[in-house]
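All residue numbers in this chain count up from 1 along the given sequence. Note that the coordinates shown come from a computational prediction; the quantities given were computed from them, not determined experimentally.
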Amino acid sequence: MELTPEQLVAEFQDAVMELYFARKRMVALEAENAELRARLAALEQKDTAEPQGNR
């Protein structure tokens, strides 16, 4: 299938927009992941600080 120059530009613009939104989502997921890791680390630290008989 051969595309016209206008179609190629439109396809490129679509790809750029998809990449833009994928990167935005990736940044949001990385921030969520960092928050979850911090919460998990805090819980693990709390668990190791508590005496074992208090559960």
Side-chain angles (χ1 to χ4, degrees):
M1 174 173 112
E2 206 168 304
L3 299 175
T4 67
E6 292 82 12
Q7 290 171 321
L8 285 171
V9 169
E11 289 290 324
F12 178 76
Q13 289 172 337
D14 288 346
V16 169
M17 290 303 294
E18 286 180 27
L19 182 59
Y20 170 79
F21 287 113
R23 285 183 176 169
K24 269 184 86 165
R25 180 72 179 137
M26 186 178 72
V27 168
L29 288 172
E30 286 174 343
E32 181 182 359
N33 188 32
E35 179 186 345
L36 290 172
R37 285 179 184 268
R39 288 172 55 191
L40 180 60
L43 285 173
E44 288 174 345
Q45 190 174 30
K46 180 182 171 189
D47 282 347
T48 59
E50 289 182 2
Q52 293 296 329
N54 286 351
R55 290 186 184 195

Between Gln45 and Thr48, the two heavy atoms sitting closest are O-OG1, 2.9 Å
Heavy atoms of Gln7 and Glu2 approach each other most closely as OE1-O, 4.3 Å
### Query
Got Glu30 and Asn33 here, is their nearest side-chain heavy-atom distance under 4.5 Å?
no
Answer whether the closest heavy-atom distance between the side chains of Leu19 and Arg23 falls below 4.5 Å. yes
Practice problem: State, with a plain yes or no, whether a side-chain heavy atom of Met17 is found less than 4.5 Å away from one of Phe21. | Solution: yes
Hits for side-chain hydrogen bond (donor to acceptor under 3.5 Å, both in side chains) against Glu11, two or more places apart or cross-chain, chain-then-number order -> none
### Message
What I'd like to find out is whether the side chain of Glu44 reaches to under 4.5 Å of the side chain of Leu40, using heavy atoms alone.
### Response
yes
request  = List the steps and the verdict of side-chain contact (heavy atoms from CB on, under 4.5 Å) for Leu36 and Arg39.
outcome  = CA-CA 5 Å; Leu36 290 172; Arg39 288 172 55 191; 3.9 Å; yes
